[in-house]
Number of protein chains: 2
Amino acid sequence: MLDLRRLEILERFANRGTITATAADLGYSPSAVSQQLATLEREVGIALVERTAQRASLTDAGRELAEHAARILAATETAQSRMRARTGAISGRVTISCIPALAPFLAPRLATLQRQHPELTVVAHETGSTTAASGVLDRRYDLAVIDDWSAAPPPAGNGLAVHHLRREEIVLAVPADHPLARNPVPVTAARLREAVHSHTWLCAPVGRLSRTAGDQRLAAVNATPGRRWEFEGLHVLAALVATGAGSAFLPTGIVHDQPGVTGLHLAPRMHRDILALNRTTTREDPAITTCLGAAREAIRRAPAGRVDPSAEPRR
Amino acid sequence: MLDLRRLEILERFANRGTITATAADLGYSPSAVSQQLATLEREVGIALVERTAQRASLTDAGRELAEHAARILAATETAQSRMRARTGAISGRVTISCIPALAPFLAPRLATLQRQHPELTVVAHETGSTTAASGVLDRRYDLAVIDDWSAAPPPAGNGLAVHHLRREEIVLAVPADHPLARNPVPVTAARLREAVHSHTWLCAPVGRLSRTAGDQRLAAVNATPGRRWEFEGLHVLAALVATGAGSAFLPTGIVHDQPGVTGLHLAPRMHRDILALNRTTTREDPAITTCLGAAREAIRRAPAGRVDPSAEPRR
DNA sequence: ATCCAGCATCAGTTCTCCTTACGCTGAGTT
DNA sequence: AACTCAGCGTAAGGAGAACTGATGCTGGAT
């Protein structure tokens with residue numbers, strides 16, 4: 001009879017790649033992981049791990065067994081969730097990831113939740129959207145609040161349940177003394193091209209969703225930045241805009257926080273979606289659904305911001 | 001993290017109904033089963049077992065968790081089979097059930113197998129077809145050789161892999177000095193009706209497949225036995241026919257063994273199928289497939305019997 | 001009234017599993 | 001070439017889990 005704990009160790013090792021990292025993830029010592037993997041190999045009677053002095057990697061058999069393990073673990077998680085749904089108990093440990101920009105709004109709600117349910121332990125992390133999504137899938141997080149800058153519908157059908165929390169408008173953020181700020185009308189392709197070309201362009205490092213989406217938008221209108229600065233964090237970008245350092249694409253909620261920054265509608269409009277993710281296996285877990293509700297509420301109440309009313313076309 | 005062993009205990013308990021029987025099945029003491037179930041309840045935080053002084057039964061939650069457990073255990077069995085398929089090792093314990101009439105032919109082959117593969121342990125039981133089929137499903141047996149008297153195609157799609165080993169003809173077995181035996185032509189409906197009515201009818205107890213199929217055949221030709229005797233075991237029935245006690249429907253292989261018995265073709269013909277069953281989860285396990293091959297071979301070589309050639313119509 | 005089957009509890013022993021400590025290897029660095 | 005460090009494995013020890021056997025209880029059957 002295979003042991004679930006060993007299978008979990010194997011599956012985690014398949015995701016992480018080193019014994020040390022696996023051990024850290026699961027709260028074991030590396031030695032324990034090594035021993036458990038060795039035991040598992042003995043049990044199934046076939047080599048699962050290729051061992052070098054400073055590197056261990058999975059064999060084909062190990063990879064396959066890890067895939068089986070993932071299925072088995074998903075089934076047990078479903079069973080556990082169903083049982084917890086029956087008790088209705090809001091308890092246990094829920095690990096949540098949130099994109100940094102929204103974490104300050106989420107955290108107080110989670111704290112309240114934890115006060116209301118002493119049996120519940122919430123562990124919150126700040127993570128980017130892409131790593132958070134895969135982190136939910138491989139059980140590093142149970143719940144993730146992410147943003148999605150793509151116009152495409154959210155990913156689905158791969159074991160992730162997606163919940164739409166909010167849609168935010170993305171505006172062109174310029175310093176308050178920028179020429180465009182004086183004439184706050186929606187920024188057309190031509191205006192955008194001109195503004196980007198004549199000003200420093202502020203954006204996130206390559207790989208961020210906001211960067212990818214922004215670059216796509218610039219490419220669509222054939223705009224090439226005169227100069228490009230890369231900074232981490234949307235709030236940082238907003239602060240830089242405020243100092244007159246350049247312009248950027250930013251969500252209204254973030255522009256709103258920052259005095260000295262004017263947000264201008266884009267024509268056509270641009271958006272990002274705030275989504276929550278959890279595994280479908282935990283869909284019925286009361287602890288998860290409660291945390292999800294708290295996140296939904298928190299994001300709903302986070303300041304949405306508003307651009308200069310005169311730039312807001314009436315319809 | 002739920003424990004697989006506990007889940008197995010729960011699932012087995014769901015099938016057996018008592019703690020004592022569960023313990024016997026799994027090779028534990030009843031005390032251990034009781035304790036493990038209690039631990040499992042504590043872990044999931046909900047009552048799974050309703051305890052009376054001398055009866056324990058599952059709650060709704062317990063039944064549901066048992067169903068989850070069955071799925072999980074099936075997944076692990078699949079994983080294990082895949083791993084064993086990779087090693088190709090013919091080892092471990094394989095529990096086989098065989099209908100009594102064929103067990104003598106199967107046993108020597110299994111003994112040979114065990115001699116060839118010292119790592120392999122074969123545990124053989126003799127069981128009727130219906131209990132054997134459910135026994136395979138709930139993991140009391142890994143492999144079962146059964147007979148199927150129904151004209152219907154074998155059951156499938158419920159987790160059982162069905163293998164057709166042989167088709168045997170069912171003949172009307174009469175004492176050698178029976179009037180019909182002197183004129184060995186296929187027994188039509190009219191002749192059958194007459195023979196059954198004027199002679200004692202020998203058959204298995206109610207519930208046996210052979211009994212059900214035989215009764216259906218009799219009902220189809222509107223034949224009512226003058227007198228009916230019920231005995232357990234096809235060989236026993238054959239022996240009774242030999243003493244002139246009555247007539248019966250019997251497979252050719254069994255008639256063949258028994259001197260003093262004449263087998264007469266039925267018109268239309270009647271058959272039973274010899275099938276082997278195993279769980280689809282063990283489909284790839286080399287130990288299982290090897291045992292299955294041995295069974296196939298054993299049944300193929302078992303005496304098929306032949307009725308009086310003059311009764312065999314040429315085509 | 002007695003017996004018996006079935007279950008729970010308790011104490012004890014065995015065995016599993018994790019941690020700590022230590023040694024090894026190979027790559028990058030000084 | 002020596003050093004440093006990350007990663008892995010093994011050995012020993014201790015904590016905890018789990019099984020067994022004994023005991024006691026309950027309710028139905030003899």
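Reminder, nothing fancy here: chain letters follow the sequence lines and each chain counts from 1. Just the heavy atoms: all of them, side chains too, but no hydrogens, waters or symmetry mates, feed the values below. All figures in this text were calculated on a predicted structure; none of them were measured in a lab.
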Check: Taking it one step at a time, do B/E77 and B/T281 satisfy side chain to side chain donor-acceptor pair (under 3.5 Å)?
Finding: CA-CA 6 Å; B/E77 193 171 52; B/T281 51; 2.5 Å; yes
Notebook entry, point to check: Going through the distances and angles, do A/R55 and A/E50 end up as a salt bridge (Lys or Arg N to Asp or Glu O under 4.0 Å)?
Noted result: CA-CA 8 Å; A/R55 188 114 216 115; A/E50 231 142 19; over 6 Å; no
Check: When you list every nucleotide of DNA chain D with an atom under 4.0 Å from a heavy atom of chain A, which one comes first 5' to 3', and which comes last?
Finding: D/dG7 to D/dA11
Next item on the list: Give one of base, sugar-phosphate or nothing for A/T20, where a contact means two heavy atoms less than 4.0 Å apart.
Entry: sugar-phosphate
Checklist line | Strand contacts (DNA chain C) in residues 33-44 of chain A, 4.0 angstrom heavy-atom criterion | finding: A/Q35, A/Q36
Checklist line | Nearest-0.5 Å distance that lies between atom OG1 in B/T76 and atom CZ in A/R71 | finding: 12.0 Å
Notebook entry, point to check: Heavy-atom distance under 4.5 Å between the side chains of A/D148 and A/S129, does that happen here?
Noted result: no
Next item on the list: Report which part of the nucleic acid B/T18 touches: base, sugar-phosphate, or nothing (heavy-atom distance under 4.0 Å, all strands).
Entry: sugar-phosphate
Notebook entry, point to check: Is there side-chain contact between B/R211 and B/E230, with at least one heavy-atom pair below 4.5 Å?
Noted result: yes
Check: Heavy atoms under 4.0 Å, any strand shown: does A/S29 hit a base, just sugar-phosphate, or nothing?
Finding: base
Note to self: For B/T39 and B/Q35: C-alpha separation, side-chain torsions, deciding distance, then whether side chain to side chain donor-acceptor pair (under 3.5 Å) applies.
What the structure shows: CA-CA 6 Å; B/T39 305; B/Q35 290 176 54; over 6 Å; no
Checklist line | A/T127 and A/Y141 side chains, donor-acceptor separation under 3.5 Å | finding: yes
Margin query: Please check if the number of heavy atoms outside A/R283 that lie under 6.0 Å from its CZ is greater than 12.
Written below: no
Check: Given that B/R51 and A/T52 both sit by DNA chain C, which one's nearest nucleotide is further toward the 5' end?
Finding: B/R51
Check: What is the nucleic acid contact for B/A56, judged by heavy atoms within less than 4.0 Å: base, sugar-phosphate only, or nothing?
Finding: sugar-phosphate
Notebook entry, point to check: Sub-3.5 Å donor-acceptor pair from the side chain of B/R279 to the main-chain atoms of B/L160, do we have one?
Noted result: no
Note to self: Closest-nucleotide mapping onto DNA chain C: is B/R55 or A/R5 further toward the 5' terminus? I mean the 5' end.
What the structure shows: B/R55
Next item on the list: Could you tell me from which nucleotide to which nucleotide of DNA chain C, 5' to 3', there is an atom under 4.0 Å from chain B heavy atoms?
Entry: C/dG6 to C/dC10
Notebook entry, point to check: If you measure from CD on B/Q36 to CD1 on B/I19, what distance do you get to the nearest 0.5 Å?
Noted result: 11.5 Å
Next item on the list: Select from A/V49 and B/R6 the residue whose nearest nucleotide in DNA chain D is closer to the 5' end of that strand.
Entry: A/V49
Margin query: Contact between A/E284 and A/R84 at the side-chain level, heavy atoms closer than 4.5 Å - yes or no?
Written below: no
